[in-house]
Amino acid sequence: MKRSGSTAWWTSPQPLWLVAALFAWLIATAWVRPLMAPDEGRYAGVALQMLYSGDWLVPRLDGLPFFHKPPLFYWIGAGAMALAGPVEWAARLPSILGAVAAAAALFLFLRRWSTVRLALLSTVVLVTTPFFFLGAQFANLDMLVAGCIAGTVLLAAGAVLAWERDEPWRAMLAGAYLFAAAGLLAKGLIGVVLPAAVLLAWCAVTRKSAVLRLAAWLPGWALLLAVAGPWFVAMQMKYPEFFDYFVVTQHFRRFASSGFNNEHPFWFYLPVLAGLTLPWFGWLLVPRRQEAPPAGRRLSEIDWLMWIWLAVIVAFFSVPRSKLIGYVLPALPPLAYLIAQRALAGRPLEALLPRLRAMALAAAAVCVACLMALVAYAPPPGARLRLPAELAAAPGDQVVMLDSYTYELPFYWRLRNPVLVAADWKAAGDEGRDNWHKELLDAARFDPARAAATLVERSRLASTLCSPRTSWLVGPSNAQLATPWLARAQLVAFNKRIAVWRFAGNTAHDPHCLELSPGAPAAAMPKPADKKTDGND
């Protein structure tokens, strides 16, 4: 395999400029749209609560321990918001960093073990693919773990190739174990299991015994456990049910069971990858030039790595019935390499360069157009719900959400304290599908005392609003159909989905306040102030 550059390839300033350009490209538009519901609002909200509470160990959703995922995303997001405040680009910074890590690792690996032009084109293809670009602009855990998986695979593969050539390999292998530890802290076991599956399959196909030898490198495992282990141990010691919930339920039961959200057929990811990587995916459909030498059509050790990497990721996430589009983001770096390789194979670069430049510009334009479409057509209800200029929820006010948890609202209202959520909690069964109801009930298992004060039965809604503090009720815009007395409360903002009512502090000694109940006559209600809306529909 041809190598470019000297063995001191990392001393070149070019990779630093590339990383800076990648970061600038991905963060430049990270602020232009509001957080989407529910995922972005959920994960940004957990990070913001971590910052406000000062508890950097336990992720919390509305003040309750939230163990769907480990804390790395929240740590990065909370740190960014500590510096910049609760703004969208800071909430999305973990995803951006994961994308930069994946693209930079791909470039540096190919720059050393292949050719500079293939490394550069693969990186350009990757970062201008709409799927990758939008994943980097989305505040959830998929892109962060994709970056960790890419770093693990490529550093470990680089260590294997260096070991075979009697070159320095320990630093690269240590980096692979560090990325594996980060993947474990980003999204759990897949941060270790998937890179291991890729590398072991590569070992089997190419007969590289070095993979097995380096996989048993004890300093690497010590490094991984030292970095990732303490958080898991701390959570198990503090919450005895942590292992069963986080490992057994969130990993194995979710993988093996049906009944969760977003069920799709086995072949679901094939059209997803083809459609969301246009226009670049078209290169894979172009026939290989016939004048290419036969040896050029043989799979090299790098080719095998990339094909196996792509196949392992797609096959692994195709097995469970529950499928989310972002799960296969770790497959994009090898796919970008295969596209770039097909584009360059047997074609003179001078003749191909204008076409590649035009396609890169077109792909970048598609990325931005997709983002603008999200801005126009997918704003979440909570982001559109603006209070009148003269009204704002003060730090000591009580906020109650009715029959739903609007994830993004605490972020946009800058709420430092958990909100109360009023619903029919006692009537809830053991729901299989993920939603706000199940997430809060699952979290309540780990802190029943706090949950008793946070999760309010709907029958107690009226008495909860009888508070000496100013209260804000956020609920469905048609909530007055089930709760008629809301028609006489102070409506301050609404849109098609949700509405906000304000209750100026009452006391439990106020006889009218005690008559705030679902069965009370309207005449018993305190006289409301004039209604105000935000004008949004």
Side-chain angles (χ1 to χ4, degrees), residues 35-46 48-49 58-69 140-141 239 241-242 244-246 248-250 253-254 257-263 321-322 324 380-383 385 398-413 415 417-465 472-483 486 496-501 518:
L35 300 177
M36 290 182 66
D39 285 357
E40 287 196 295
R42 178 195 301 116
Y43 295 119
V46 173
L48 189 59
Q49 283 196 25
V58 182
R60 296 182 184 274
L61 178 66
D62 198 34
L64 301 172
F66 183 63
F67 293 131
H68 275 218
K69 299 295 183 290
N140 75 352
L141 291 78
Y239 301 101
E241 295 184 22
F242 171 79
D244 178 74
Y245 182 78
F246 178 79
V248 178
T249 297
Q250 291 300 317
R253 288 182 186 140
R254 286 185 65 92
S257 301
S258 61
F260 289 101
N261 298 3
N262 305 293
E263 293 192 11
R321 296 184 183 180
S322 178
L324 292 175
L385 191 67
Q398 175 180 260
V399 178
V400 183
M401 293 188 183
L402 174 63
D403 291 335
S404 183
Y405 185 77
T406 306
Y407 292 97
E408 67 276 10
L409 201 68
F411 181 91
Y412 286 107
W413 283 22
L415 299 180
N417 298 316
V419 305
L420 306 183
V421 185
D424 293 327
W425 298 107
K426 291 182 180 178
D430 185 14
E431 302 175 64
R433 295 186 177 274
D434 288 331
N435 54 32
W436 65 271
H437 207 274
K438 177 173 171 54
E439 287 176 355
L440 289 175
L441 283 178
D442 284 356
R445 299 166 47 182
F446 296 97
D447 195 343
R450 185 185 290 268
T454 302
L455 307 184
V456 178
E457 281 296 327
R458 204 180 195 285
S459 59
R460 291 174 46 211
L461 175 63
S463 59
T464 299
L465 295 172
W472 304 80
L473 179 66
V474 182
S477 56
N478 63 350
Q480 66 273 14
L481 297 178
T483 313
L486 279 178
K496 290 182 179 180
R497 297 281 302 279
I498 57 177
V500 179
W501 294 266

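All heavy atoms count here, side chains included; hydrogens, waters and symmetry mates do not.
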Under the side chain to side chain donor-acceptor pair (under 3.5 Å) test, which residues partner Gln480, sequence neighbours left out?
none

Assess the pair Tyr239 and Tyr245: is the distance between their ring centroids shorter than 6.0 Å?
no

With heavy-atom distances below 4.5 Å as the criterion, would you say the side chains of Thr483 and Trp501 are in contact?
no

Under a 3.5 Å distance rule, please check whether Glu457 uses its side chain to pair with a backbone N or O of Trp425 as donor and acceptor.
yes

Show the nearest heavy-atom pair for residues Ala479 and Leu402, with the distance to one decimal.
CB-CD2, 4.0 Å

Determine the minimum heavy-atom distance between Phe67 and Val58, stating which atoms define it.
CZ-CG1, 4.1 Å

Of all heavy-atom pairs linking Val500 and Trp472, the shortest is CG1-CE3, 3.9 Å

Indicate yes or no: at least one non-hydrogen side-chain atom of Leu461 is less than 4.5 angstrom from one of Leu473.
yes

Distance check, rounded to the nearest 0.5 Å: Arg42 atom CZ versus Lys69 atom NZ?
8.5 Å

Apply the test side chain to side chain contact (heavy atoms under 4.5 Å, CB included) to residues Thr406 and Trp413: give CA-CA distance (whole Å), side-chain angles for both, the deciding distance (0.1 Å), then the verdict.
CA-CA 11 Å; Thr406 306; Trp413 283 22; over 6 Å; no

Would you say the side-chain atoms of Gln49 pair up with the backbone N or O of Gly63, donor to acceptor, closer than 3.5 Å?
yes

With sequence neighbours left out, what residues match Arg460 under salt bridge (charged side-chain N to carboxylate O under 4.0 Å, His left out)?
none

For Gln398 versus Leu420, what's the shortest heavy-atom pair and its separation?
OE1-CD1, 3.6 Å

Measure the CG-CZ distance between Asn478 and Arg497 for me, rounded to the nearest 0.5 Å.
11.0 Å

Please name the pair of heavy atoms, one in Pro65 and one in Asp447, separated by the smallest distance, quoted to 0.1 Å.
CD-CB, 3.7 Å

Test side chain to side chain contact (heavy atoms under 4.5 Å, CB included) applied to Asp39 and Tyr407, step by step:
CA-CA 8 Å; Asp39 285 357; Tyr407 292 97; over 6 Å; no

Do Val399 and Leu415 pass the side chain to side chain contact (heavy atoms under 4.5 Å, CB included) test, and can you show the C-alpha distance, the side-chain angles, and the key distance before you say yes or no?
CA-CA 9 Å; Val399 178; Leu415 299 180; 4.1 Å; yes

By side chain to side chain donor-acceptor pair (under 3.5 Å), Tyr405 pairs with (sequence neighbours left out) none

Evaluation steps, side chain to side chain contact (heavy atoms under 4.5 Å, CB included), between Met401 and Asp62
CA-CA 11 Å; Met401 293 188 183; Asp62 198 34; over 6 Å; no

Could you grab the distance from atom CG of Leu481 to atom CG of Leu486, nearest 0.5 Å is fine?
10.0 Å

Does Glu439 reach the main-chain N or O of His68 with its side chain, forming a donor-acceptor pair under 3.5 Å?
no

Which pair of non-hydrogen atoms, one from Leu455 and one from Leu440, has the smallest distance, and what is that distance?
CD1-O, 4.1 Å

Please state whether the rings of Tyr43 and Phe66 are parallel, tilted or perpendicular, taking 30° and 60° as the class boundaries.
tilted

